[in-house]
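Worksheet for the structure shown next.
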Amino acid sequence: MNSKSIIPPENIITRILLIREQKVILDRELALLYGVETRALKQAVRRNIKRFPEDFMFQLTTAEFKSWRSQTVMSNSDKKGLRHLPFAFTEQGVAMLSSVLKSERAIEVNILIMRAFVKLREIVSTHKKVEEKLKEIENRLGQHDKQILQIIDVINQLITPPEPVKKKVGFTV
């Protein structure tokens, strides 16, 4: 099985969410990628729960679940499988899934997901670098703007003739 033919990395990246300031993939998305039922994936995780500490996997709270659900457009048929709070897997949790789900597809998909997380980190890093460059340019322009304003003030002072000195009329004592 060729790993490049299964799923394009872009399709995986779109499934990565930011929840609790962590990049995660929800259990139902992983189940689709691995080609198993969400119920089976959760069952395998529960059987091996010691392999999934909170920094590897956590269950969404009711508020997080409602927020996520309101942000995704779902048909009623999709909601049938979402009666329970989903698990969210971090990159380490996804890596641990490969030891729990022991199929060839799971191994291939797991490699693709790891590559997608790496690609996402590269995209974020590039974005930050571009943002820093833009701020640097903006700061430089700000400094140049101040210098230009100072030059304009000096030019205005040179162009504007000085006010004539008025001679006092009368006697001085």
Side-chain angles (χ1 to χ4, degrees), residues 1-140:
M1 182 184 297
N2 183 356
S3 63
K4 295 188 188 239
S5 66
I6 297 177
I7 305 159
E10 296 77 27
N11 288 357
I12 296 171
I13 289 174
T14 60
R15 296 167 194 249
I16 298 173
L17 306 173
L18 189 65
I19 301 175
R20 297 183 194 176
E21 298 183 19
Q22 295 184 61
K23 292 176 195 73
V24 298
I25 300 180
L26 297 182
D27 55 10
R28 79 177 296 201
E29 298 295 335
L30 287 167
L32 284 170
L33 293 169
Y34 288 124
V36 298
E37 292 183 21
T38 306
R39 173 179 58 84
L41 184 135
K42 284 182 156 184
Q43 189 176 42
V45 168
R46 284 190 181 109
R47 284 183 185 150
N48 297 279
I49 198 67
K50 288 184 178 182
R51 293 177 184 240
F52 296 94
E54 198 166 303
D55 58 327
F56 282 31
M57 178 208 66
F58 56 87
Q59 193 164 24
L60 268 60
T61 64
T62 304
E64 290 168 335
F65 180 59
K66 285 181 181 175
S67 173
W68 171 75
R69 225 169 155 177
S70 69
Q71 292 174 18
T72 49
V73 179
M74 306 169 102
S75 68
N76 286 335
S77 63
D78 280 344
K79 290 181 183 178
K80 288 179 186 172
L82 289 173
R83 290 184 295 267
H84 304 287
L85 298 173
F87 289 143
F89 292 85
T90 64
E91 184 175 354
Q92 294 87 358
V94 172
M96 188 59 71
L97 272 174
S98 67
S99 68
V100 174
L101 303 173
K102 299 179 180 178
S103 70
E104 280 296 315
R105 180 172 174 87
I107 293 167
E108 293 292 326
V109 169
N110 196 48
I111 291 168
L112 290 171
I113 293 172
M114 293 297 104
R115 288 181 178 152
F117 271 107
V118 169
K119 187 172 180 102
L120 184 61
R121 270 196 303 276
E122 289 171 359
I123 291 169
V124 168
S125 173
T126 301
H127 175 73
K128 284 182 182 177
K129 287 177 185 174
V130 168
E131 188 176 342
E132 288 171 4
K133 277 288 187 192
L134 286 174
K135 283 184 181 181
E136 183 183 315
I137 290 169
E138 189 177 287
N139 288 339
R140 274 197 232 146

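Bear in mind that the values here come from a model prediction, so they are computed numbers and not experimental data.
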Closer than 3.5 angstrom, by distance alone: can the side chain of [X] be matched with the main-chain N or O of [Y] as a donor-acceptor pair?
{"X": "Arg105", "Y": "Leu33", "answer": "yes"}
{"X": "Ser125", "Y": "Arg121", "answer": "no"}
{"X": "Gln59", "Y": "Leu85", "answer": "yes"}

Where is the tightest heavy-atom contact between Gly93 and Phe52, given as atom of each residue plus distance?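 Distance-wise, the nearest heavy atoms are O-CE2, 3.5 Å.
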Quick one: are [X] and [Y] in side-chain contact, heavy atoms under 4.5 Å?
{"X": "Ile49", "Y": "Met57", "answer": "yes"}
{"X": "Tyr34", "Y": "Leu101", "answer": "yes"}
{"X": "Leu97", "Y": "Ile113", "answer": "no"}
{"X": "Met114", "Y": "Glu91", "answer": "yes"}
{"X": "Val118", "Y": "Glu122", "answer": "yes"}
{"X": "Arg46", "Y": "Phe87", "answer": "yes"}
{"X": "Leu17", "Y": "Ile25", "answer": "no"}
{"X": "Ile13", "Y": "Phe117", "answer": "no"}

Between the side chains of Glu37 and Lys42, is the shortest nitrogen-to-carboxylate-oxygen separation below 4.0 Å, so that they form an ion pair?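 Result for this pair is no, no salt bridge flagged.
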Between [atom1] on residue [X] and [atom2] on residue [Y], distance to nearest 0.5 Å:
{"X": "Arg15", "Y": "Ile12", "atom1": "CZ", "atom2": "CD1", "value": "8.0 Å"}
{"X": "Asp55", "Y": "Arg20", "atom1": "CG", "atom2": "CZ", "value": "12.0 Å"}
{"X": "His84", "Y": "Leu60", "atom1": "NE2", "atom2": "CG", "value": "14.5 Å"}
{"X": "Glu29", "Y": "Leu41", "atom1": "CD", "atom2": "CG", "value": "11.5 Å"}
{"X": "Phe58", "Y": "Gln22", "atom1": "CZ", "atom2": "CD", "value": "5.0 Å"}
{"X": "Gln92", "Y": "Met96", "atom1": "CD", "atom2": "CE", "value": "9.5 Å"}

Can you confirm whether Arg39 is buried at CZ, in the sense that more than 12 heavy atoms of other residues, nucleotides or ligands lie under 6.0 Å from that atom?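 No.
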For Thr90 and Lys23, run side chain to side chain contact (heavy atoms under 4.5 Å, CB included): C-alpha distance rounded to whole Å, both residues' side-chain angles, the deciding distance at 0.1 Å, then the answer. CA-CA 6 Å; Thr90 64; Lys23 292 176 195 73; over 6 Å; no
Determine, stepwise, if the pair Phe89 / Val45 fulfils side chain to side chain contact (heavy atoms under 4.5 Å, CB included). CA-CA 11 Å; Phe89 292 85; Val45 168; 3.7 Å; yes
